[in-house]
Engineer: 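Starting off with a structure, shown below.
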Amino acid sequence: MAQESWKEAEDTGVHAPEAPIMCINNCGFFGNRMTENMCSKCYRDTVKAKSMALLAMVAEIKDEASASAKEGKRVAEEEAPKPPSNRCLSCRKKVGLTGFKCRCGDTFCSMHRYADAHDCKFDYKQAGREQIAQQNPVVKADKVTRF
Ligand SMILES: [Zn+2]
Ligand SMILES: [Zn+2]
Ligand SMILES: [Zn+2]
């Protein structure tokens with residue numbers, strides 16, 4: 001009994017007559033479930049069209065990527081003409097990313113980062129005067145708008 005029902009299930013799976021599918025493009029040929037209900041010719045055309053669209057898309061992305069890479073490189077070259085020093089100018093200790101850039105333009109370790117710890121060339125007195133001169137008109141303008 002159990003064997004008979006198993007045999008029946010196998011029969012319906014293998015020998016059931018399949019209704020012929022016509023190609024969904026109405027080209028007159030028979031379609032195939034394996035090829036999205038299209039005949040082999042229409043399926044090939046569809047696949048080709050899809051891959052062409054994909055290729056065009058990939059080419060576009062590539063173009064954009066290379067354009068932005070060029071742009072980025074150009075900006076980097078303009079902003080950093082020489083590689084930044086990763087050593088303290090005072091003790092030559094390697095500081096890497098933890099280095100401190102002084103206002104004199106040189107890089108120092110945490111010990112020598114302050115102007116009085118290294119022979120700083122930056123004119124703080126002059127900079128202070130300039131800063132006060134720059135800030136004064138702002139303060140005046142602030143007062144004017146408030147009254
Ligand atoms: Zn077709
Ligand atoms: Zn140092
Ligand atoms: Zn300095």
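Positions are given from 1 along the sequence. Counting starts at 1 for both ligands and their atoms, in listed order.
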Engineer: Give me the one residue out of Arg87, Lys101, Lys121 that meets salt bridge (Lys or Arg N to Asp or Glu O under 4.0 Å) with Asp106.
Structural biologist: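 When Arg87, Lys101, Lys121 are each tested with Asp106, the salt bridge (Lys or Arg N to Asp or Glu O under 4.0 Å) holds only for Lys121.
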Engineer: Which atom name does His112 have for its N/O/S atom nearest to the Zn ion (ligand 2)?
Structural biologist: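 It is ND1 of His112.
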Engineer: Protein N/O/S atoms under 2.8 Å of the Zn ion (ligand 3)?
Structural biologist: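 Less than 2.8 Å away from the Zn ion (ligand 3) sit Cys102 SG, Cys104 SG, His118 NE2, Cys120 SG.
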Engineer: Can you list the steps and then say if Lys41 with Asn25 is a side-chain contact (heavy atoms from CB on, under 4.5 Å)?
Structural biologist: CA-CA 10 Å; Lys41 186 190 172 293; Asn25 278 7; over 6 Å; no
Engineer: Please calculate the SG(Cys91)-the Zn ion (ligand 2)-SG(Cys109) angle and round it to 10 degrees.
Structural biologist: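 The angle at the Zn ion (ligand 2) comes to 120°, rounded to the nearest 10°.
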Engineer: Ignoring hydrogens and angles, state whether a donor on the side chain of Glu130 or Gln134 is under 3.5 Å from an acceptor on the partner side chain.
Structural biologist: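 No, no side-chain donor-acceptor contact under 3.5 Å.
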Engineer: If every non-hydrogen atom of Cys120 is compared with every non-hydrogen atom of Cys102, which pair is closest and at what distance?
Structural biologist: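 Minimum heavy-atom separation between Cys120 and Cys102: SG-SG, 3.7 Å.
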Engineer: Minimum heavy-atom separation for Cys23 to Cys42, with atom names?
Structural biologist: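 Minimum heavy-atom separation between Cys23 and Cys42: SG-SG, 3.6 Å.
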Engineer: Looking only at non-hydrogen atoms, find the nearest pair between Met38 and Thr46 and report the distance.
Structural biologist: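 Looking at all heavy atoms of both residues, the shortest contact is SD-OG1, 3.3 Å.
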Engineer: Sequence neighbours left out, what pairs pass ring-ring contact (aromatic ring centres under 6.0 Å, His included) with at least one residue falling in residues 101-121?
Structural biologist: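 Those involving residues 101-121 are Phe108-His118.
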Engineer: Which value, rounded to 10°, describes the SG(Cys39)-the Zn ion (ligand 1)-SG(Cys23) angle?
Structural biologist: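 Seen from the Zn ion (ligand 1), SG and SG are separated by roughly 120°.
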